[in-house]
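Worksheet for the structure shown next.
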Amino acid sequence: SKNRFYYGLLYNKFVELGEKHNIAVPITDQLLELDQKLIIKEAFDILLKKGLNRQQAKARLMEKEFTASEIEDAIKTD
């Protein structure tokens, strides 16, 4: 999604600034968290569109090493 691209790109730029100029950007961790949530949400939605039910989609994501709480947090708006 465009949002995910934006969060990830901005996160990368802030990390780069930190490494090159020793600048700490306070929202860097939040951007990474938002990016992760969007990745999980998009993957969950794709699995649902492929015909999996919510429990199956969640189990599939857990196989990819996402935790149950990360998944629940990302999909709680559904």
Side-chain angles (χ1 to χ4, degrees):
S1 88
K2 291 180 183 177
N3 288 337
R4 188 183 80 184
F5 177 76
Y6 171 79
Y7 293 140
L9 185 61
L10 195 52
Y11 169 81
N12 290 338
K13 285 295 178 186
F14 286 160
V15 168
E16 185 180 315
L17 277 173
E19 291 172 354
K20 284 186 177 180
H21 305 287
N22 200 26
I23 297 172
V25 180
I27 64 167
T28 303
D29 291 339
Q30 290 92 345
L31 287 171
L32 184 60
E33 184 178 327
L34 286 169
D35 190 51
Q36 182 81 354
K37 283 181 183 180
L38 286 169
I39 289 169
I40 294 169
K41 175 77 170 104
E42 287 179 6
F44 186 80
D45 289 345
I46 289 168
L47 292 170
L48 292 178
K49 287 178 184 172
K50 288 185 175 183
L52 277 67
N53 65 35
R54 293 176 68 83
Q55 281 301 101
Q56 292 168 328
K58 187 175 173 183
R60 185 77 58 88
L61 290 173
M62 289 177 73
E63 290 172 4
K64 302 292 182 192
E65 300 186 15
F66 293 111
T67 67
S69 62
E70 287 173 328
I71 297 166
E72 286 299 323
D73 191 37
I75 65 172
K76 67 183 173 189
T77 58
D78 280 356

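- Criterion: ILVMFWY side-chain heavy atoms under 4.5 Å apart, direct or through other members. Under it, Met62 and Leu52 are part of a common hydrophobic cluster.
- Put simply, the side chain of Asp35 never gets that close to the backbone of Leu31: no donor and acceptor are under 3.5 Å apart.
- In this structure, CG on Leu17 lies 10.0 Å from CD on Glu19, to the nearest 0.5 angstrom.
- Ion pairing of Lys41 with Asp45 is present here, as a side-chain N (NZ or NE/NH1/NH2) and a carboxylate O approach within less than 4.0 Å.
- Put simply, CG on Leu61 and CD1 on Ile71 are 4.5 Å apart, with the number rounded to the nearest 0.5 Å.
- Interatomic distance, NZ of Lys58 versus CD1 of Ile75, reported as 6.5 Å (0.5 Å rounding).
- Smallest separation of non-hydrogen atoms from Lys37 and Ala74: O-CB, 3.5 Å.
- Separating the CG atom in Leu34 from the OH atom in Tyr7 is a distance of 5.0 Å, to the nearest 0.5 Å.
- Between Glu72 and Lys76, none of the side-chain N atoms (NZ, or NE/NH1/NH2) sits under 4.0 Å from a carboxylate O, so this pair counts as no salt bridge.
- In the hydrophobic clustering of ILVMFWY residues, with side-chain heavy atoms under 4.5 Å counting as a link, Ile46 and Ile40 come out apart.
- Taken to the nearest 0.5 Å, the CZ atom of Phe44 stands 12.5 Å off from the NZ atom of Lys49.
- More than 12 heavy atoms of other residues, nucleotides or ligands sit less than 6.0 Å from atom CG of Asn53.
- Qualifying side chain to side chain donor-acceptor pair (under 3.5 Å) partners for Glu70, counting only residues two or more places apart in sequence or in other chains: Thr67.
- Arg60 contributes atom CZ, which lies 13.5 Å from atom CD of Gln55 (distance to the nearest 0.5 angstrom).
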Residue pair Phe14, Ile23: steps toward the side-chain contact (heavy atoms from CB on, under 4.5 Å) verdict: CA-CA 8 Å; Phe14 286 160; Ile23 297 172; over 6 Å; no
Given the rule in the side-chain contact (heavy atoms from CB on, under 4.5 Å) test, do Gln36 and Leu32 qualify, once you have shown the distances and angles that lead to the verdict? CA-CA 6 Å; Gln36 182 81 354; Leu32 184 60; 5.7 Å; no
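- Across every non-hydrogen atom of Val25 and Thr28, the tightest pair is O-OG1, 2.8 Å.
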